[in-house]
Amino acid sequence: MKTQPPKRHWLGSLGILRFRRPELRPAQRRLRRGVSVADLRAIARRRLPGGVFDYIDGGAEDELTLESNLEAYRRVQFRPRVLRDVGEVDISSSLLGKPLSMPLVLAPTGFTRIADPAGELAVARSAGRAGLPYTLSTLGTRSIEEVAATGSARLWFQVYVWRDRQLVADMVARAAESGYEALCLTVDTAVLGKRERDVRRGFTLPPKLGLSTIFDGMVHPGWTWQFLRSEPIVFANVAGQAVGDGSDAISLAEYVGRQFDPGLSWKDVEWLRSRWNGPIVLKGIQTIEDAKLAADEGIEAIALSNHGGRQLDSAPAPLDLLPGVADAVAGRTEIICDGGVRRGSDIVKALALGATACMAGRAYLYGLGAAGEAGVDHVLDLLASDMRRTMALIGCRTVGDIGRDYVSEDPRYRPIR
Ligand SMILES: Cc1cc2nc3c(=O)[nH]c(=O)nc-3n(C[C@H](O)[C@H](O)[C@H](O)COP(=O)(O)O)c2cc1C
């Protein structure tokens, strides 16, 4: 078959210029500018009303934890090995006895539909296409059953412990019934962190209409149009329950203060175990001592996490905890490193320091806010291609090859032992 020469613009035929075909689909057009997660964050920042962007992007108090989660990754340097034949790089891995296309789990994020009306359904579908598990939050804006009906990803269900234990028992039973494979119990939220960006803006869930929100909406017409056309955003897992489903504007701090039990203890972990047959992931472990206790309890996986810097300010960065925790419990429980992942190279660093996998929240929310479901696909593609490239550049062909030898004892890195 004769191949046609590529078409050129008349200026291009001068041999100097080639013109890109114009992209008519707005989301795809935005994604062309999204070369990194940082770019997608910038696009989401322009596209979302300020209060919505800050709800996603912000952290507690002075945001020291938020910053140190990111900084910890910057302080780790690679020790690249060369001449290693990296013609074929395989980023696949496994977690809780099942395969992963790369060592990453999508973290639970409450109120996801605030970023895009498709919300949790979009993220679950995207995770499914990428071959990754997705964790639905207790405070999801799509229900356990709706997310399961996408039939796509391996699903985990994140549990907050409500004062009303029956409500928790019912949700756990619904997750089992819907085929969720793991429970992820978040243990760093005895009370809600003080997220000062939200407090300053008087941010409520759902956003309350006032002069400033109306103005914010007018200058972000794309988001506002979608928001007004879609059904109201509520805490779908408790819709119709006495605890309130968030359909009356309420601050998250007020809701959590009223409904969640600060009396949560190891006894509740046992109670949860008695109600659930599958694996349990404890999310929010922040010391080596608690990691050891979790391993002693027979917990299948721990997520070293400070809730992405949204809870305690001045908490340790999960990456700094990794070597000490891995020395103490590796082989007894799997270790997930959660918080601050913005690049595939971050995942490689965490694996080198002892993680089995990473979790990421904001990275996919920036993609969702920037361009909906296609934006989440784009972020997951970026992380995978970053990871492949980094492994090739440090001389690792498989995830199993990555170990501490591949990162340097940079004096600025502050491992906690
Ligand atoms: C907007 C938003 C909502 C979140 N909601 C929850 C939640 O409902 N339950 C939970 O366990 N963690 C929640 N998290 C924390 C994430 O699960 C995860 O720990 C955090 O995003 C990791 O940090 P990263 O955003 O830097 O990846 C939330 C995070 C964000 C950004």
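This one's a predicted model, so the numbers in the text were calculated from it and none came from an experiment. Order of listing sets the numbers, starting from 1, for every ligand and every atom in it.
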Sequence neighbours excluded, the answer for side-chain hydrogen bond (donor to acceptor under 3.5 Å, both in side chains) partners of Ser92 is Asp90
Mark the output for [X] as yes if a heavy-atom distance to ligand 1 is under 4.0 Å, and as no if none is.
X	result
Ala360	yes
Asp338	yes
Phe111	no

I would like to know whether Ser265 and Asp268 meet side-chain contact (heavy atoms from CB on, under 4.5 Å); could you show each step before the answer?
CA-CA 5 Å; Ser265 73; Asp268 296 284; 3.6 Å; yes
Please could you name the atoms of ligand 1 that [X] approaches to less than 4.0 Å, counting only its heavy atoms?
X	answer
Ala107	16 (C), 17 (O), 18 (C)
Thr186	10 (C), 11 (O)
Gly308	19 (O), 20 (C), 22 (C), 23 (O)
Arg342	24 (P), 26 (O), 27 (O)
Lys283	10 (C), 11 (O), 12 (N), 15 (C), 16 (C), 17 (O), 18 (C), 19 (O)
Ser305	19 (O)

Does [X] come within less than 4.0 Å of [Y], counting only side-chain N to carboxylate O?
X	Y	result
Arg30	Glu23	no
Glu88	Arg397	no
Asp54	Arg195	no
Asp57	Arg45	no
Glu71	Arg74	yes
Arg47	Asp116	no

Among all protein heavy atoms, pick out the one at the shortest distance from [atom]; state its residue, atom name and that distance to 0.1 Å.
atom	value
atom 8 (O) of ligand 1	Ser137 OG, 2.7 Å
atom 7 (C) of ligand 1	Tyr160 OH, 3.2 Å
atom 21 (O) of ligand 1	Gly361 CA, 3.5 Å
atom 15 (C) of ligand 1	His307 CD2, 3.5 Å

Tyr55 six-ring centre to Arg310 NZ/CZ under 6.0 Å and within 45° of normal:
yes
Would you check whether [X] has a nitrogen or oxygen atom less than 3.5 angstrom from a nitrogen or oxygen atom of ligand 1?
X	answer
Tyr55	no
Ile56	no
Leu139	no

Evaluating non-hydrogen atoms only, which member of [options] is closest to [atom]?
atom	options	answer
atom 30 (C) of ligand 1	Arg310, Gln158, Arg362, Arg195	Arg310
atom 13 (C) of ligand 1	Pro108, Gly284, Ala303, Cys184	Pro108
atom 26 (O) of ligand 1	Gly110, Ala115, Gly340	Gly340

Check against side-chain contact (heavy atoms from CB on, under 4.5 Å), Ser152 and Arg129:
CA-CA 7 Å; Ser152 32; Arg129 277 191 292 279; over 6 Å; no
Does the pair Tyr180 and Trp156 meet the rule for a side-chain contact (heavy atoms from CB on, under 4.5 Å), with working shown?
CA-CA 5 Å; Tyr180 283 63; Trp156 296 6; 5.6 Å; no
Tell me the contacting part of Thr135 for ligand 1: side chain, backbone, both, or neither, using a 4.0 Å heavy-atom threshold, strictly below.
neither
List the atom pairs, with distances to 0.1 Å, where a side-chain N or O of residues 95-109 and a protein N or O form a donor-acceptor pair under 3.5 Å, not counting sequence neighbours.
from, atom 1, to, atom 2, distance (Å)
Ser101, OG, Ala130, O, 2.4
Thr109, OG1, Thr112, OG1, 3.0
Thr109, OG1, Tyr364, OH, 2.8

